[in-house]
Amino acid sequence: MQFGIFSVSDVTTDPTTGHTPDDTERVRNMLTIARHADEAGLDVFATGEHHNPPFVASSPTTMLGYLAGVTKHITLSTATTLITTNDPVRLAEEYAMLQVISDGRMDLMMGRGNTGPVYPWFGKDIREGIPLAIENYALLRRLWTEDVVDWEGKFRTPLQGFTSTPRPLDGVPPFVWHGSIRSPEIAEQAAFYGDGFLHNNIFWPMHHTRQMVRFYRQRFEHYGHGRADQAIVGLGGQAFMRKRSQDAWNEFRPYFDNAPVYGHGPSMEDFTQQTPLTVGSPQQVIDRYASFVEEVGYYQRQLFLVDHAGLPLKTVLEQIDLLAGEVVPELRRIAEAKRPADDVPANPPSHAERVAAAAAAGEAGATHVGDTADPYTGTVAEGTQQPASQHTQQEARA
């Protein structure tokens, strides 16, 4: 199992000192955090995408492209790439470029974000969120897997004889996750294509997460990509640790109470009971997160939010050291012991593994790699099963 951190890139006043970083300081701190995570031995650094204060991560590929040159081992990813409001042509170009620059040491997660006004800022209608996600991703896949694309859809101008450049590294597109907290249509989309599904459940109880992951697994198997337990799943999480549990509670409480995403809402006691937020000792984090395999089955990626709510850089780096030094080795050992079979993937597929699989199938470097159908409105390739009915999607909400 992979373990890493993700950032929502919030600029928040430290409630204990009154210091508010400016945008430049916050961006540079994120770069330091990512480099430290790489040096500490974590597997993944992921950044969100936002286009409004108090968040600064407006250009994920710029940040990750820089990090590709100054890190050695860590996988660089996104916690959200806005598939709804970004032009899929630009996404195809920018993330293929990042794939080339990083030598395949990257992947990305498609999402719709959590800021409603972003839709009109980019000329889109929030009421079309799901159709935008479906159509834009179908086009993105074609741009990556076909050398020359003729295309016409609802939400952008047609393409005639268009070639996206650079072409994907070794003829194999980046691995894609689809992130959603509450929309079964997105879990369905991930399953249809055989992509990964990440439930960033930092605000949700485990019974909801379990329901969404189960639905994705069932649909992954339905579309013939493998057994349900072979589907590629990721979870979000949050933790704040000190050697002594009470020290962690005392130190983190003012940050929790003033956090832009949940401050002035539920108490920290209630929130830690109802969501994956774990405040305490490293052993308490180990105990809590080791239980998630029983809830959702073996999964391949666990990300932690550690750099939010105004926490000072020094504290964030200490959290990374505790995570990498004490928590992750034990969680990795426990998770591997719970992996149900050797043919259940231990990790998400690496670029090298995807290239080898494509070569074995005679696809690496070819014009077409994988499905190119739209799971709701497009043409389904011959021999491909039809997507879920609306009735099936409604069942997932029940």
Side-chain angles (χ1 to χ4, degrees), residues 1-4 6 42-46 64 68 71-79 81 83 91-92 95-96 98-111 137 140-141 144-145 167-179 186-187 189-200 213 216-217 219-236 293 296-303 332 335-336 338-366 368-372:
M1 186 183 295
Q2 289 184 340
F3 295 89
F6 72 98
L42 293 182
D43 300 311
V44 184
F45 171 79
L64 297 178
T71 59
K72 294 181 179 180
H73 306 292
I74 201 164
T75 295
L76 303 168
S77 188
T78 56
T81 295
I83 188 64
L91 291 179
Y95 284 96
L98 177 61
Q99 187 192 34
V100 170
I101 290 171
S102 67
D103 197 25
R105 188 164 48 92
M106 56 79 67
D107 54 34
L108 69 159
M109 184 172 75
M110 302 298 174
Y137 184 60
L140 174 61
R141 286 182 65 95
W144 275 339
T145 59
R167 302 307 297 150
L169 182 65
D170 301 317
V172 176
F175 183 72
V176 171
W177 301 81
H178 299 257
I186 300 304
Q189 185 181 40
F192 180 83
Y193 289 112
D195 294 338
F197 177 67
L198 193 142
H199 194 270
N200 194 5
V213 172
Y216 160 69
R217 289 187 185 279
R219 303 306 293 169
F220 180 94
E221 183 171 301
H222 168 80
Y223 287 119
H225 299 296
R227 302 190 311 270
D229 65 350
Q230 295 174 315
I232 306 299
V233 174
L235 298 182
V293 172
V296 302
Y298 183 87
Y299 60 105
Q300 286 72 26
R301 178 173 288 180
Q302 174 66 64
L303 299 181
R332 204 188 303 277
E336 180 58 28
K338 294 181 178 181
R339 190 155 62 103
D342 289 342
D343 61 354
V344 171
N347 300 301
S350 67
H351 178 71
E353 290 168 337
R354 286 167 59 77
V355 169
E363 295 175 335
H368 296 274
V369 182
D371 301 318
T372 59

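It should be emphasised that the depicted structure is a prediction, and the values quoted were computed from it without experimental measurement.
- The minimum heavy-atom distance between Tyr216 and Gly196, with the atom names listed, is OH-CA, 3.8 Å.
- Inter-residue side-chain proximity for Phe197 and Phe220 is flagged as unmet; no heavy-atom pair is nearer than 4.5 Å.
- Annotation for Ala68 and Ile101: closest pair CB-CG2, 4.1 Å, computed over non-hydrogen atoms.
- In terms of the side chain to side chain contact (heavy atoms under 4.5 Å, CB included) criterion, residue partners of Asp107 (sequence neighbours excluded) are, by chain and number, Thr75, Ser77, Phe175, Trp177, Arg301.
- Expressed to the nearest 0.5 Å, how far CE of Met110 lies from CD of Gln189 amounts to 9.0 Å.
- Here the CG-CG distance, from Leu108 to Leu98, works out to 8.5 Å after rounding to the nearest 0.5 Å.
- Arg354 is linked by a side-chain hydrogen bond (donor to acceptor under 3.5 Å, both in side chains) to nothing, counting only residues two or more places apart in sequence or in another chain.
- Residues Ile232 and Pro345 are in side-chain contact: their nearest non-hydrogen atoms beyond the backbone lie under 4.5 Å apart.
- Side-chain contact between Met109 and Val176 is absent, with no heavy atoms from C-beta onward closer than 4.5 Å.
- When all heavy atoms of Val100 and Arg167 are compared, the closest pair comes out as CG2-O, 4.2 Å.
- The heavy-atom pair separating His178 from Asp195 by the smallest distance is NE2-OD2, 2.8 Å.
- Between Pro174 and Met106, the shortest heavy-atom distance links the atoms CB-SD, 3.6 Å.
- Tyr95 places no side-chain N or O within 3.5 Å of a backbone atom of Pro173 that could act as its donor or acceptor partner.
- Formation of a donor-acceptor pair under 3.5 Å by the Arg219 side chain with backbone atoms of Ala187 is not found in this model.
- Remark: the backbone N or O of Gly104 is not paired with any side-chain donor or acceptor of Gln99 at under 3.5 angstrom.
- The side-chain heavy atoms of Val344 and Gln300, taken from C-beta on, include a pair separated by under 4.5 Å.
- Going from atom CG of Leu169 over to atom CZ of Arg105 covers 12.5 Å, rounded to the nearest 0.5 Å.
- Tyr298 places a side-chain N or O within donor-acceptor distance of the main-chain N or O of Met1, the cut-off being under 3.5 Å.
- The backbone N or O of Gly234 lies less than 3.5 Å from no partner atom in the side chain of Gln2, so there is not a single donor-acceptor pair.
- Panel note: side chain Asp43, backbone Gly4; no donor-acceptor pair is recorded below 3.5 Å.
- For the pair Phe45/Thr71, no side-chain contact is recorded, criterion being any heavy-atom separation below 4.5 Å from C-beta on.
- Counting only heavy atoms from C-beta outward, the side chains of Val213 and Tyr299 never approach each other to under 4.5 Å.
- Shortest non-hydrogen contact noted between Gly236 and Leu198 is N-CD2, 4.4 Å.
- Looking only at distances, a side-chain donor or acceptor of His225 sits under 3.5 Å from a matching main-chain atom of Ala191.
- Identified under the salt bridge (Lys or Arg N to Asp or Glu O under 4.0 Å) test for residues 339-353, with sequence neighbours left out: Arg227-Asp343, Glu336-Arg339.
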